[in-house]
Amino acid sequence: MAQVIDGKERAKQLRKELKGRVSEFTEQAGHPPGLGVLLVGGDPASAVYVRNKERACEKVGIRSFHHQLPDDATQEQVEEVIDQLNADPHVHGILLQLPLPAHLDAEPLLLRILPEKDADGFHPVNVGHLAVGQPTFVPCTPLGCIDLLRSAGVEMTGAEAVVVGRSNIVGKPAAQLLLAEGATVTICHSRTKDLAAHVGRADIVVAAVGVPEMIQGEWIKEGAAVIDVGINRLDDGRLVGDVDYESASNRAACITPVPGGVGPMTVAKLLENTLEGAIRHEESKRKTV
Ligand code: GUN
């Protein structure tokens, strides 16, 4: 049976470390790191995510600034809140919770967030920094995946890594990070011809497709590390990942559960990103004085 990679426990440890670093920052800077969170509309899942993120901020000493707009908010209203957060010196990170209501255009809004406050790492400037290996904001979920692989002692250098899913939020940045770690990376997606064959060659599988239990256990190579980013609610109420957990854990050396794997790490990495944004902000202030 595979070793279970406990994301809940690792996130707890990370929050404990962060609490210390946040308090050190607050003492030196004279103010805490701040995260501006903007939720548009009443999507229940997004409301839960946002509440979790804000609670986690509070627990480690990061100040969160909550902004809520109604379902029928206009593009201009969202822009106004972003501009306000961009200009606020107490805000070091900004998070625009996705998905937005269908009548809004997310792309120009994400572009409007100052790259130096883009705690999610979605701005094309930060995507570019990641691609060329400069220190920057990196999307939280892929950061969580790499952290879990490292904490499980998985050798990434030279490993065959297969990322299933090509989203801007998870698949593409996860592939960049694995590449930076020295893995040989393949990105598979809905048009990939023989997914089973690709997955079967992988020492590391990162599944981020959003299709419940799509990756079959029989596809997994003996001894592989499996990181399951999927969170899918079935009709019977069960929460499952993108990997068939039971069968995969018979072959993998280590595997993340759903829930309790990658999920808690995303929030912990958002806190870390916010703190690091605040540190970079203080450093740049010092340089310009
Ligand atoms: N919606 C689902 N995941 C995310 C995320 O990581 N960041 C934001 N802003 N919205 C999301």
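Throughout, numbering of the chain's residues begins at 1 and tracks the sequence. As the structure lists them, so they are numbered: ligands from 1, and atoms in each ligand from 1.
Of all atoms in ligand 1, numbered sequentially from 1 with element shown, those under 4.0 Å from a heavy atom of Leu96 are 8 (C), 9 (N).
In this structure a side-chain-to-backbone donor-acceptor pair under 3.5 Å is present from Asn86 to Arg112.
Using a cutoff of 4.0 Å between basic side-chain nitrogens and carboxylate oxygens, Asp6 and Lys8 are not scored as salt-bridged. Under a 4.0 Å N-O distance rule, the pair Glu181/Arg150 qualifies as a salt bridge. Salt bridge Lys269/Glu276: absent, no basic N to carboxylate O contact under 4.0 Å.
Protein heavy atom in closest approach to atom 10 (N) of ligand 1: Leu98 N, 3.0 Å. Atom 8 (C) of ligand 1 has as its closest protein heavy atom Asp120 OD2, 3.4 Å.
Between Gln97 and ligand 1, an N or O atom pair is found at a separation short of 3.5 Å.
Distance screen at 4.0 Å: atom 3 (N) of ligand 1 has no protein heavy-atom neighbour inside the cut-off.
Considering only heavy atoms from C-beta on, Lys53 stays 4.5 Å or farther from Leu271 through its side chain.
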